[in-house]
2 protein chains.
Amino acid sequence: MADGVQFPAVRVSCQRCDVRGRAICADCAPAELEELDRIKLYRRFAAGEMIAWAGERMPMIGSVIEGVASLSSTLPDGRRQTVGLMLPSDFLGRPGRDRAGYDVQAATEVTFCMFRAQEFERLLERSPRLSHRLLEMKLDELDVAREWMVLLGRKTARERIASLLVMFGEREAGARDGTSGTIRFPLRITREAMADYLGVTIETVSRQLSQLRREGLIRLLESRGVEISDFAALRREAGGPE
Amino acid sequence: MADGVQFPAVRVSCQRCDVRGRAICADCAPAELEELDRIKLYRRFAAGEMIAWAGERMPMIGSVIEGVASLSSTLPDGRRQTVGLMLPSDFLGRPGRDRAGYDVQAATEVTFCMFRAQEFERLLERSPRLSHRLLEMKLDELDVAREWMVLLGRKTARERIASLLVMFGEREAGARDGTSGTIRFPLRITREAMADYLGVTIETVSRQLSQLRREGLIRLLESRGVEISDFAALRREAGGPE
DNA sequence: CGCCTCATTGATAACCTTCAAGACCAGTGG
DNA sequence: CCACTGGTCTTGAAGGTTATCAATGAGGCG
C-alpha cells in the first residue's frame with residue numbers, strides 16, 4: 001500500500017462521515033461504530049496514485065469516502081481491463097486475503113477510510129451485523145460485475161459509451177427514470193480510464209463521444225463535463241436493461 | 001422455478017454427498033448439517049431445461065451437485081451473455097432476494113440440492129459458520145467474474161477459446177501446473193453455450209477450435225471431447241494470468 | 001426416411017483497432 | 001512574454017478481426 005505522503009492522515013468522526021449510512025458501517029450499533037472509529041484512519045490519494053498492486057501485500061482495507069478508485073488487471077503484454085470502479089461507500093479489500101487481487105489506482109483524488117486488515121477481521125468475526133453488511137455489499141458488487149460482463153461481451157462501442165454516461169448520470173442526478181430536465185455533470189475520469197473500463201481504445205471513446213455530440217444526444221463541456229438534455233433518449237442508445 | 005417433472009426428487013444423505021466438504025455446508029457442525037439435511041431436497045433438471053427466469057420469483061436456492069448450470073442475461077434485442085457457469089458445489093441464488101437476477105439454465109443434466117429460500121435464510125441468520133462460508137464462496141465468484149471481464153474486454157477470440165479449454169482442463173485433471181501428460185475430457189456444453197460465455201458467435205468458436213486443431217494444439221474427439229497433449233502450450237495461447 | 005439440432009466452413013461486410021498527425025492546455029524555464 | 005514540453009484529447013486513413021449470411025454435413029429420433 002502506497003504511503004499517502006503528500007496527503008497527511010485526517011481524523012473525522014464517523015457521525016459526520018459522508019458515507020455513514022451506506023458504507024460497511026451502515027448497520028452498526030453505536031458500540032460497534034465506536035470500535036471502528038478507534039481503529040480507522042482517513043487517508044487521501046492523489047489522482048493517478050497507486051493504492052495497491054495486484055499480488056502485493058495490502059495490509060489496509062476500508063471504505064472509499066470520496067472520489068473514484070479503479071480495480072484493474074493487466075495481461076502480460078500490457079493490455080489492461082478495469083474490472084471495477086470503487087465509488088464513495090464501496091468497500092475495498094478482501095478480508096481473509098492479505099494480498100491484493102487487482103491493481104488499485106486512484107482515478108481521481110480519493111479519500112479513503114482505512115483499517116488494519118487484521119484488526120478489522122477480528123471485529124468482523126465478532127459482529128454479525130458487520131459481516132452481513134459486507135455480504136450484501138459484495139453481492140451487489142457481483143451483480144454490477146455481471147452487468148458489466150454483458151456490456152463487455154455483447155454491446156457495441158456506442159452502447160458502451162452510452163451505458164457509462166447513463167450509469168454516471170443516474171448516480172449523479174439521482175435520476176431514476178423520469179429525468180425530464182437537463183442533466184449536467186463532470187465525468188471526473190480520463191478517456192483512458194473510460195476506455196480501460198469499457199474494453200475499447202481511447203480513440204474509440206473519443207470518436208463515439210463526438211458522434212453522440214454531433215447527433216445532439218450530449219454536449220461536451222469543459223473540464224470533462226457532459227450535458228444530457230434527453231436522458232431517456234440516451235438510455236435507449238445504451239442497448240438495454242440498465 | 002420449473003418443476004423437474006421428468007426427474008423426481010431424490011433423497012441423499014449429506015454424508016454421502018459428492019460436494020460435501022466444498023459446498024456451502026463445508027464448515028457446518030454436525031447439528032447444522034442435520035438441520036440442512038432436514039430442509040433440503042435433491043432435484044434433477046434435464047439439459048436445456050430452465051431452472052429460473054431473470055426477474056421471476058425463485059423460491060428455492062441451493063447447491064449444484066452435479067452438472068453445469070449457466071447464468072445469463074439477455075438484451076432486449078436478443079443478444080445473450082452468460083455471466084457465470086455454476087459447477088458442482090457452487091451455490092445458486094441470493095439470500096434476501098426472492099427474484100432471480102439472471103436466467104438460470106441447465107447446460108447439462110443437473111442435480112441440484114435445494115432449500116426453501118426462507119428456511120435457508122433463517123438458518124443463515126443463526127449460523128455464523130454458514131454465512132461466513134457463503135461470503136467466501138461469493139467472494140470467489142466475484143474474483144472469477146472479474147477474471148472473465150478481462151477475457152471479455154481484452155482477449156482475442158483465440159485466447160478466449162484457449163482460456164476456456166484451460167479452465168475446463170484444470171478443473172478436470174486437477175492439472176495445476178506441471179501437467180505433462182495428455183489430458184482428455186468432455187466439454188459437456190454446446191458450442192452455443194461456449195459462445196454465450198465467451199462473448200463471441202458460435203461460428204467463431206467453431207473456427208478457432210478448428211484452427212487450434214489444425215495447429216496440433218488440441219484434438220477434437222467425438223461427443224464433444226477434447227484432447228490436449230501439451231497443456232502448457234495451450235496455456236500460453238490463453239494470453240496470460242489465469 | 002425426414003426432420004431436427006448441432007457443428008463446420010466459406011464469402012462478404014461491419015466494426016473497431018492501429019498508426020499517425022495535430023490541437024489544446026497547463027506548467028516550466030529562458 | 002514566449003518557447004518548449006508532457007499530457008490529454010480529437011480526428012483521419014488503413015487494416016485486421018470478428019460478425020453476418022449462407023450452404024452443407026453429421027448425428028439422433030420419431
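In the text below, chain A, chain B and the rest are named by the order of the sequence lines, each starting its count at 1.
A salt bridge between B:R44 and B:E49 is absent, with no side-chain N of the basic residue lying under 4.0 Å from a carboxylate O of the acidic one. Ionic pairing of A:R79 and B:E159 is present here: one or more N-O contacts between side-chain nitrogen and carboxylate oxygen are shorter than 4.0 angstrom. Salt-bridge annotation for B:E170 and B:R235: present, with a side-chain N of the basic residue lying under 4.0 Å from a carboxylate O of the acidic one.
At a threshold of 4.0 angstrom between heavy atoms, the contacts of A:V205 with the nucleic acid are absent. Residue A:R213 is in sugar-phosphate contact alone, with no base atom involved, counting any heavy-atom pair closer than 4.0 Å across all strands shown. Residue B:R224 is classed as a sugar-phosphate contact, given heavy-atom separations below 4.0 Å to backbone atoms only. Backbone-only engagement by A:T190 is indicated by non-hydrogen atom pairs under 4.0 Å involving sugar-phosphate atoms exclusively. Nucleic acid contact class of B:T201 (heavy atoms, under 4.0 Å, all strands): base. Here A:S210 lies in heavy-atom contact (under 4.0 Å) with sugar-phosphate atoms only.
Atom CZ in A:R94 sits 15.0 Å away from atom CZ in A:R99 (nearest 0.5 Å).
Between B:D90 and B:L87, the closest side-chain pair of non-hydrogen atoms falls below 4.5 Å. Taking 4.5 Å as the limit, every side-chain heavy atom of A:F168 sits out of range of all side-chain heavy atoms of A:S163.
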Kindly list each side-chain donor-acceptor pair under 3.5 angstrom involving residues 192-200 of chain A, sequence neighbours excluded, with atom names and distances?
from, atom 1, to, atom 2, distance (Å)
A:E192, OE2, A:R80, NH2, 3.2
A:D196, OD2, A:R80, NE, 3.0
A:D196, OD2, A:R80, NH2, 3.0

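Reading DNA chain D from its 5' end, the first and the last nucleotide to sit under 4.0 Å from a heavy atom of chain A are D:dT8 to D:dA13. Between chain B and DNA chain C, the heavy-atom contact criterion of under 4.0 Å yields a 5' to 3' nucleotide range of C:dC6 to C:dA11.
Using a distance-only test at 3.5 Å, with no hydrogens or angles considered, no donor-acceptor pair links the side chain of B:T108 to the main chain of B:R188.
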